[in-house]
Amino acid sequence: MSSTSSQLPDARLVVTGHTADGTSVFTYDDTPTPFFPFGPAGSSFTTFHASSTVPVSNTAPFPELGSTLPRPPPEGVIFCITDIRAGSRAPMHRTLSIDYTVILSGEIVCILDSGEERTVKAGEFIVQRGTNHAWHNRSEETCRMLAVMVGAEKIVLNGKVFEETVIKKPE
């Protein structure tokens, strides 16, 4: 059980594909390297798949996944996990996506810019619809969240356009 991101093991990824004659095969079986944009003590992100368009092609080469914060393009999709260590937080931010998220382990507090909060625990789900939100792990264990992020239109309310916000590395 190796672990570079927390006390949780790094995630194994198994990918399937096809040979030229259409036979189903395994094309990848390994542990992708987590990305630590805020340093080794901060949150980590592991992206498993990304596509710039939907529907995706199941015959295109498997994409190279860079070390960036997971953000889908406007017509794309990303499949990833985030590990947020005990006591850590992610600052208030907005993504231009709809995020289908399941808490795999631990728990996390989702905080909205209205000040409302909800604690979401392992086995529970979040549908994040482009809202301005922050994450705070107030528990004693790492929270692992799995997300499928689908690019979305910008939110326009009463003529005001709500843009994506960028998370900056803490000073």
Side-chain angles (χ1 to χ4, degrees), residues 1-15 28-54 56 61-113 118-152 163-171:
M1 178 160 108
S2 73
S3 181
T4 56
S5 60
S6 66
Q7 58 268 48
L8 297 175
D10 290 343
R12 175 182 172 211
L13 174 63
V14 177
V15 179
Y28 183 91
D29 185 348
D30 205 351
T31 304
T33 303
F35 171 55
F36 293 85
F38 309 116
S43 301
S44 69
F45 303 87
T46 305
T47 300
F48 300 122
H49 190 265
S51 176
S52 60
T53 60
V54 175
V56 301
F62 200 75
E64 290 292 321
L65 303 171
S67 295
T68 60
L69 288 173
R71 298 291 182 267
E75 297 175 0
V77 62
I78 289 182
F79 174 44
C80 63
I81 59 171
T82 301
D83 287 352
I84 299 179
R85 293 181 180 221
S88 294
R89 59 178 68 224
M92 195 66 65
H93 63 284
R94 176 189 320 275
T95 58
L96 295 179
S97 58
I98 185 165
D99 306 343
Y100 304 104
T101 306
V102 61
I103 306 305
L104 297 176
S105 62
E107 63 182 54
I108 196 76
V109 178
C110 181
I111 306 162
L112 303 180
D113 62 8
R118 295 288 187 277
T119 300
V120 188
K121 300 179 180 185
E124 297 179 342
F125 306 86
I126 304 166
V127 177
Q128 186 72 254
R129 299 175 59 213
T131 57
N132 208 22
H133 64 286
W135 302 111
H136 188 187
N137 184 346
R138 296 178 182 156
S139 76
E140 301 289 320
E141 64 181 288
T142 296
C143 175
R144 176 167 283 175
M145 305 187 299
L146 177 143
V148 175
M149 304 172 71
V150 181
E163 301 285 345
E164 179 173 271
T165 55
V166 177
I167 298 177
K168 295 182 179 165
K169 184 174 180 176
E171 305 274 333

- Message: If you count every heavy atom of other residues, nucleotides or ligands that lies below 6.0 Å from Arg138 atom CZ, does the total exceed 12?
- Response: yes
- Item | Side-chain donor or acceptor of His133 paired with backbone N/O of His93 under 3.5 Å | yes
- Message: To the closest 0.5 Å, what do you measure between OG (Ser51) and CD (Glu75)?
- Response: 10.5 Å
- Does Arg94 CZ have over 12 foreign heavy atoms under 6.0 Å away? yes
- Message: Could you check whether any side-chain heavy atom of Met149 comes within less than 4.5 Å of a side-chain heavy atom of Pro70, counting everything from C-beta outward?
- Response: yes
- Message: A quick test of your reading: do over 12 heavy atoms of other residues, nucleotides or ligands sit less than 6.0 Å from CD of Glu164?
- Response: yes
- Item | Minimum heavy-atom distance Cys110-Gln128, with the two atoms named | SG-NE2, 3.8 Å
- Task: Determine the minimum heavy-atom distance between Leu96 and Glu163, stating which atoms define it.
- Result: CD2-C, 4.3 Å
- Derivation of the side chain to side chain donor-acceptor pair (under 3.5 Å) call for Thr101 and Asp99: CA-CA 6 Å; Thr101 306; Asp99 306 343; 5.4 Å; no
- Message: If I take atom CG from residue Leu8 and atom OG1 from residue Thr142, how far apart are they, to the nearest 0.5 angstrom?
- Response: 5.0 Å
- Asp113 side chain reached by Met92 side chain, heavy atoms, under 4.5 Å: yes
- Verdict with supporting geometry, Arg12 and Asp30, salt bridge (Lys or Arg N to Asp or Glu O under 4.0 Å): CA-CA 6 Å; Arg12 175 182 172 211; Asp30 205 351; over 6 Å; no
- Item | Side-chain heavy-atom pair Arg144, Ile103 within 4.5 angstrom cut-off | no
- Item | pair Val150-Tyr100: side-chain heavy atoms closer than 4.5 Å | yes
- Query: What's the shortest heavy-atom distance between Thr31 and Ala11, and which atoms?
  - Reply: CG2-O, 3.2 Å
- Message: Can you confirm whether Phe45 sits close enough to Phe38 that some side-chain heavy atom of one is under 4.5 Å from a side-chain heavy atom of the other?
- Response: yes
- Query: So how far is it from Ile111 CD1 to Thr131 OG1, rounded to the nearest 0.5 Å?
  - Reply: 12.0 Å
- Item | OG-CD1 distance between Ser105 and Ile81, expressed to the nearest 0.5 angstrom | 9.0 Å
- Chi angles and distances behind the side-chain contact (heavy atoms from CB on, under 4.5 Å) call for Ile108, Met145: CA-CA 9 Å; Ile108 196 76; Met145 305 187 299; 3.9 Å; yes
- Where Ser43 and Ile84 come nearest, the two heavy atoms and their spacing: OG-CG1, 3.6 Å
- Task: Indicate yes or no: at least one non-hydrogen side-chain atom of Tyr28 is less than 4.5 angstrom from one of Leu13.
- Result: yes
- Go through the steps for Val148 and Ile78 under the test side-chain contact (heavy atoms from CB on, under 4.5 Å), then give the verdict. CA-CA 6 Å; Val148 175; Ile78 289 182; over 6 Å; no
- When rounded to the nearest 0.5 angstrom, what is the spacing between OG in Ser139 and CD in Glu107? 5.0 Å
- Query: Checking side-chain contact (heavy atoms from CB on, under 4.5 Å) against Thr47, which of Pro32, Pro63, Cys80, Pro34 comes through?
  - Reply: Cys80
- With a 4.5 Å limit on heavy-atom distance, are the side chains of Phe79 and Leu146 in contact? yes
- Message: Quick check against the 3.5 Å criterion: does Asn137 have a side-chain atom that pairs as donor or acceptor with the backbone of Ser88?
- Response: no
- Would you say Arg71 and Thr95 make side-chain contact, with heavy atoms under 4.5 Å? yes
- Indicate the atoms forming the closest heavy-atom contact of Phe36 with Ser44, along with that distance. CE2-CB, 3.6 Å
- Which atoms form the tightest heavy-atom contact between Val54 and Gly76, and what is the distance? CG2-C, 4.2 Å
- Task: Can you label the angle between the Phe62 ring and the His49 ring as parallel, tilted or perpendicular, going by 30° and 60°?
- Result: tilted
